[in-house]
Amino acid sequence: QVQLVESGGGLVQAGGSLTLSCVPVGGTLNYYAWGWFRQAPGKEREFVAAIGWNGRTANYRDNVKGRFKISRDAAVNTVSLEMNSLKPEDTAVYFCARGDAWGDVHTRRPMTPEWYKSWGQGTQVTVSS
């Protein structure tokens, strides 16, 4: 059973940057699509970004486009989410999730939590104003 372990969260001032990492312990990131979601207190979990199984497709929610970048590095078996120009409204617990094998992310289905099969425990990101 693969365990997804996120890291990199923390407290940052508005305008700052953080990079989140996700490692599939006991498994590999190869051949799978990956996504990042977030959940703020009192709100539903929402899609942030996704990357396809071969890294050739990526998708983002509108209000993070141009600020966030999802990437995958097979050499270190890690999926990353680089977050720049952070805003207080980005404050949430961020979750890594593993999607379909051989999955591409140019459709709407990878933007829904139901498409993902495994989830991490989350890492807190807090952006102060």
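By convention here, the first residue in the shown sequence is residue 1.
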Trainee: Looking at Ala33 and Gly103, what are the two nearest heavy atoms and their distance?
Mentor: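 Shortest heavy-atom contact: CB-O, 3.5 Å.
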Trainee: Which residues pass the side chain to side chain contact (heavy atoms under 4.5 Å, CB included) test with Val12, not counting sequence neighbours?
Mentor: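 Partners of Val12 under the side chain to side chain contact (heavy atoms under 4.5 Å, CB included) test: Leu18, Leu86, Val127.
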Trainee: Which residues pass the salt bridge (charged side-chain N to carboxylate O under 4.0 Å, His left out) test with Glu46, sequence neighbours left out?
Mentor: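 If we apply the salt bridge (charged side-chain N to carboxylate O under 4.0 Å, His left out) test to Glu46, skipping adjacent residues, the hits are Arg38, Arg61.
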Trainee: So, does Arg67 use its side chain to make a donor-acceptor pair with the main chain of Ser85 at under 3.5 Å?
Mentor: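 Answer holds: yes.
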Trainee: Would you please name every residue forming a salt bridge (charged side-chain N to carboxylate O under 4.0 Å, His left out) with Asp100, sequence neighbours left out?
Mentor: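 Asp100 satisfies salt bridge (charged side-chain N to carboxylate O under 4.0 Å, His left out) with Lys117 once adjacent residues are dropped.
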Trainee: For Thr57 versus Asn54, what's the shortest heavy-atom pair and its separation?
Mentor: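 In this case the closest contact between Thr57 and Asn54 is N-OD1, 4.3 Å.
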Trainee: Linking I/L/V/M/F/W/Y whenever any side-chain heavy atoms sit under 4.5 Å apart, do Tyr94 and Tyr116 land together?
Mentor: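 Result: no, two separate clusters.
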Trainee: Quick check on Gln121: does its CD atom have over 12 non-hydrogen neighbours (other residues, nucleotides or ligands) under 6.0 Å away?
Mentor: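 Count not over threshold, so no.
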Trainee: If you define the side chain from C-beta out and look only at heavy atoms, does anything of Leu81 sit under 4.5 Å from Val48?
Mentor: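 Yes. Closest side-chain heavy atoms under 4.5 Å.
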Trainee: When clusters are formed by joining ILVMFWY residues with side-chain heavy atoms under 4.5 Å apart, either directly or through shared neighbours, do Phe95 and Trp34 land in the same one?
Mentor: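 Phe95 does not cluster with Trp34.
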Trainee: Under the 3.5 angstrom rule, does the side chain of Asp104 hit a backbone N or O of Ile51 as a donor-acceptor pair?
Mentor: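 No, because the side chain of Asp104 does not come within donor-acceptor range (under 3.5 Å) of the backbone of Ile51.
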Trainee: Distance check, rounded to the nearest 0.5 Å: Ser17 atom OG versus Met83 atom CE?
Mentor: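 Rounded to the nearest 0.5 Å, the OG-CE separation comes out at 8.5 Å.
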Trainee: Return the minimal non-hydrogen interatomic distance between Ser118 and Val2, and the atom names on each side.
Mentor: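 It is OG-CG1, 3.9 Å.
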Trainee: Please report the shortest heavy-atom distance between Val93 and Gly122, naming the atom on each side.
Mentor: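 Taking every non-hydrogen atom into account, CG1-CA, 3.8 Å.
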Trainee: Using distance alone, with no hydrogens and no angle criterion, decide if Gln124 and Thr126 have a side-chain donor and acceptor under 3.5 Å apart.
Mentor: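 Yes, Thr126 and Gln124 have a side-chain donor paired with an acceptor closer than 3.5 Å.
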Trainee: Answer yes if Val23 and Ile70 sit in the same cluster of Ile, Leu, Val, Met, Phe, Trp and Tyr residues linked by side chain heavy atoms under 4.5 Å apart, and no otherwise.
Mentor: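 No; tracing contacts between hydrophobic side chains, which count when under 4.5 Å, never links both residues.
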Trainee: Nearest 0.5 Å, what's the NZ-OG1 distance between Lys69 and Thr19?
Mentor: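 Taking NZ in Lys69 and OG1 in Thr19, the distance rounds to 10.5 Å.
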Trainee: Step by step, would you call Thr78 with Asp73 a side chain to side chain donor-acceptor pair (under 3.5 Å)?
Mentor: CA-CA 5 Å; Thr78 298; Asp73 188 340; over 6 Å; no
Trainee: Can you find a pair of side-chain heavy atoms, one from Val79 and one from Trp36, that are under 4.5 Å apart?
Mentor: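 SC-SC contact between Val79 and Trp36 confirmed.
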Trainee: Answer yes or no: is there a side-chain heavy-atom contact under 4.5 Å between Val5 and Cys22?
Mentor: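 No - every pair of side-chain heavy atoms lies 4.5 Å or more apart.
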Trainee: Evaluate the criterion side-chain contact (heavy atoms from CB on, under 4.5 Å) for residue pair Asn77 and Thr28; output intermediate values, then yes/no.
Mentor: CA-CA 6 Å; Asn77 204 33; Thr28 177; 3.8 Å; yes
Trainee: How long is the span from the CD atom in Glu6 to the OG atom in Ser80, to the nearest 0.5 Å?
Mentor: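 Rounded to the nearest 0.5 Å, the CD-OG separation comes out at 12.0 Å.
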Trainee: Kindly compute the distance separating CE (Met111) from OH (Tyr60), expressed to the nearest 0.5 Å.
Mentor: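 Rounded to the nearest 0.5 Å, the CE-OH separation comes to 12.5 Å.
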Trainee: Find out whether Thr107 and Val105 are in side-chain contact, i.e. whether some heavy atom of one side chain is under 4.5 Å from a heavy atom of the other.
Mentor: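 Side-chain contact under 4.5 Å: no.
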Trainee: Do Leu20 and Phe68 land in one hydrophobic cluster if side-chain heavy atoms of ILVMFWY residues count as linked below 4.5 Å?
Mentor: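 They do share one cluster, since a chain of ILVMFWY contacts under 4.5 Å joins Leu20 to Phe68.
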Trainee: Do Tyr32 and Trp53 come close enough that some side-chain heavy atom pair is under 4.5 Å?
Mentor: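 No, every pair of side-chain atoms sits at 4.5 Å or beyond.
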Trainee: Count I, L, V, M, F, W, Y as connected when their side-chain heavy atoms are under 4.5 Å apart, and connections chain through other members. Are Trp115 and Trp119 then in the same cluster?
Mentor: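 Same cluster: Trp115 reaches Trp119 through Ile, Leu, Val, Met, Phe, Trp or Tyr contacts under 4.5 Å.
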Trainee: Please determine whether a side-chain nitrogen of the Lys or Arg among Lys87 and Asp90 lies less than 4.0 Å from a carboxylate oxygen of the Asp or Glu.
Mentor: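 No, Lys87 and Asp90 are not salt-bridged.
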Trainee: Which pair of non-hydrogen atoms, one from Arg72 and one from Leu29, has the smallest distance, and what is that distance?
Mentor: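 Closest approach of Arg72 to Leu29: NH2-O, 2.6 Å.
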